[in-house]
There are 2 protein chains.
Amino acid sequence: MRISELSRRSGVAVPTIKYYLREGILPPGERTSPNQARYDDGHVHRLRFVRALIEVGGLSVATVREVLARIDSDEANLDLRLGTVQKALLPSTDGLSGPAQEAAEQEVVNLLEEYGYRYFRDHPAIASLANVMVAAQALGHNRFAEHLRRYVAVMPQVGVIDIDYIEQARTIDHMLESVVVGTVLGDTAIAAVRRLAQTSESAKRFPPRGSETPGP
Amino acid sequence: MRISELSRRSGVAVPTIKYYLREGILPPGERTSPNQARYDDGHVHRLRFVRALIEVGGLSVATVREVLARIDSDEANLDLRLGTVQKALLPSTDGLSGPAQEAAEQEVVNLLEEYGYRYFRDHPAIASLANVMVAAQALGHNRFAEHLRRYVAVMPQVGVIDIDYIEQARTIDHMLESVVVGTVLGDTAIAAVRRLAQTSESAKRFPPRGSETPGP
DNA sequence: TCGAATGGATAGTAGTGCTATCTGCTATCG
DNA sequence: CGATAGCAGATAGCACTACTATCCATTCGA
C-alpha cells in the first residue's frame, strides 16, 4: 500500500507519518522506484504501536525512538535485549546525587534485601525511588518511607503478573513488544486501577450517607 | 523574607518564582508597600511542593495550578474537596467515545462488580482504563484483558495502604496535601517498585548463569 | 497523456516552561 | 541625603517538542 492508505488504515495523518519516517520511528517502505515506496501491515501495526505509546502511555517521541531501536536491535542475547528495552522505559536518573540521595538509595537497598528482592545496585529504579523519598522528606512527609515499605511488600504480586504476561508471548518479537506494552500501558492501567481501589476503599471506610445498614 | 531569600531557600530561580506568581501557582506575598512584598515559610513549602509535583511527579504547570486551586478552595465539605482534588490528578478523558470504548467501559464495570469494588459509573479512571483496553486490543494484545483482571484483583491492597496514609494526617490541610503527595509521588514510586519487582521475579524465574545450585 | 498522488526536503506553527530585560520604585548604608 | 543595590511587575524572548504546511520533481493510474 502507499502512504495515503497507510494513513487511512492507521488513523495517523500523512504529514505525521512522514515526520515519523524522518525521525526513524517508522522504518522506510520498500522502494519500488527511486522515489516511490510501498508499505505493508507491519507499518500499520508499528504506527498503532507508536500512537499507543505516545497517547496512552504518554511517552515522548524521543523515548519511543529509543525503545524501538532496542526492540529492532540485532543483539542475539535475549536477556540483554529485554534488559535494554526495559531500561529505555525508566526516566533518566542522571543528575541525582548528594548525600541525601545516597542515603535514600541505601535505604531502598535495605528494603529490597529485607523483602527478598533480587536486584542489582545500579538499577535505575533504585535511584528513581530514592529520589521520591528525598522529595517526600523535603516536604516534611516523614511517614512516606513507611508507606513505601508497604508498597515494596505488595508489589512482588504485580511482578509475577507482569512476568507471566511476557512469558506467554509466542515469538521473540511478540515478547519484546509485550515488555513494552505491559510496562507502558501497564503503568497507565495500574494508575487507573489504583485510583478506583482508593475510591472503593475510601467508600468502604467512610460510607456515604444512605448506604449503612438502615436504622430503626 | 524577600524574593531572593525565597529563591535561595527553595532552590528555585527568581524569574521562575515570578512566573509561578503570574500563573497563580504561588500566592502573592504580603504587601509592605505598593511595590514590595514579604514571603514566609509557607511560600518556601509551596515552592518545594510545586517542584516535587513537576519534577518528580511529571505534572504540567497547568495541572499543578488546577490541583492547588482545589486544595486552596474554601469548600467546607471535606469529601467533596478530596474528591475534586483527586479528579484533577487523572488525565482528562474527554474525547474518548465510540462503541469500542463503551464496550470496554462496560467490561471494566463488570470487573469492578466482580471484585467487590465500590465505584460510581462516571469515575474518570473507568474511561481511562477502558481506553487502555481499547489500545491493547487494537495492537492485537488479546490477553491484556486477562492481565488487567489480575491487576484489579491485587490493587485493593494498594488502596488500603493509600487510604491509611491519608487517614493518618493530623490536619485537614495535611490530609489534602497527603492525597496529592500520595497519589503523585505514589505513582512514581509504584512505577519504580514495580520495575524492581519485575526484575526480581524475572531473575527468580530465569536464574542468571552462576546462581543455580552448583552441579556435580 | 495528463491530473492527482507520492516521496523527500525545508520551513513554519502552537504550546509549554521557563529566562531576560526594562521600568519605576524602595530599602539601606555610609 | 544621596548613592547603590535590590524589588515588583510587565513585556518580550528563547529552547524545545510534536507536529503541519508548502514546495517540487517524479510517477502512477485512468
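Just so it is clear: chains get the letters A, B, ... in the order the sequence lines come, proteins before strands, and each one is counted from 1. Worth saying up front: this structure is predicted, and the values here are computed from it rather than measured. For the numbers below, each heavy atom of this structure counts, side chains included, while hydrogens, waters and symmetry mates do not.
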(message) Measure CD/B/E55 against C1'/C/dC18 and give the value in whole Å, please.
(response) 12 Å

(message) Let's see if you can work this out: which of C/dC18, D/dA21, C/dT6 has an atom nearest to the side-chain heavy atoms of A/P15?
(response) D/dA21

(message) I need the CZ-C1' distance between A/R2 and C/dG8, as an integer number of Å.
(response) 16 Å

(message) By nearest atom, which of the nucleotides D/dC7, C/dT6, D/dA18 is closest to the A/V61 side chain?
(response) D/dA18

(message) Heavy-atom nearest nucleotide on DNA chain D for A/N35 versus B/E5: which residue maps closer to 5'?
(response) B/E5

(message) I'd like to know if B/D187 pairs up with A/R195 as an ion pair, taking the criterion as any Lys NZ or Arg NE/NH1/NH2 lying under 4.0 Å from an Asp or Glu carboxylate oxygen.
(response) yes

(request) Please check the phosphate of C/dA27 (OP1 and OP2 only) for any side-chain N or O of B/S33 closer than 4.0 Å. (result) yes

(request) From the options D/dC19, D/dG9, C/dA27, select the nucleotide whose nearest atom is closest to the side chain of B/K18. (result) D/dG9

(message) What is the separation between atom CD on B/E23 and atom C1' on D/dT11, rounded to the nearest whole Å?
(response) 14 Å

(message) Using 30° and 60° as the class boundaries, would you call the ring planes of A/Y39 and A/H43 parallel, tilted or perpendicular?
(response) perpendicular

(request) Tell me which of B/Y19 and A/R38 sits closer to the 5' end of DNA chain C, going by the nucleotide each one is nearest to. (result) A/R38

(message) With a 4.0 Å cut-off on N to O distance, would you call B/R38 and B/E30 a salt bridge?
(response) yes

(message) Closest approach to the side chain of B/I54, judged atom by atom: which nucleotide of D/dC19, C/dT6, C/dC18 is it?
(response) C/dC18

(request) Measure from OH on A/Y20 to C1' on C/dG7 and round the result to the nearest Å. (result) 19 Å

(request) Can you tell me the distance, in whole Å, between the CG atom of A/L59 and the C1' atom of D/dA18? (result) 14 Å

(request) Take the protein atom CG of B/L21 and the nucleotide atom P of C/dC18, then report the distance between them rounded to whole Å. (result) 14 Å

(message) Regarding A/R51, tell me which of base, sugar-phosphate or nothing describes its non-hydrogen contacts under 4.0 Å with the strands shown.
(response) sugar-phosphate

(message) I want to check one thing: is the phosphate of D/dA18, taken as OP1 and OP2, less than 4.0 Å away from some side-chain N or O of A/T16?
(response) no

(message) Whether A/E146 and A/R149 form a salt bridge (side-chain N of Lys/Arg under 4.0 Å from carboxylate O of Asp/Glu) is what I want to check.
(response) yes

(request) Go through the N and O atoms of the side chain of A/R31 and the base of D/dT27, and report whether any donor-acceptor pair is under 3.5 Å. (result) no

(request) Determine, for A/R46 against A/D72, whether the closest basic-nitrogen to carboxylate-oxygen distance falls under 4.0 angstrom. (result) yes

(request) Could you tell me the separation between the CD1 atom of B/I25 and the C1' atom of C/dT16, rounded to a whole number of Å? (result) 12 Å

(request) Just compare D/dA18, C/dG7, D/dG6 and give me whichever is closest to any side-chain atom of A/S60. (result) D/dA18

(request) Measure the distance from CZ on A/R22 to P on D/dA18 and round it to the nearest whole Å. (result) 13 Å

(message) Using OP1 and OP2 only, check whether a side-chain N or O of B/Y39 sits under 4.0 Å from D/dA8.
(response) yes

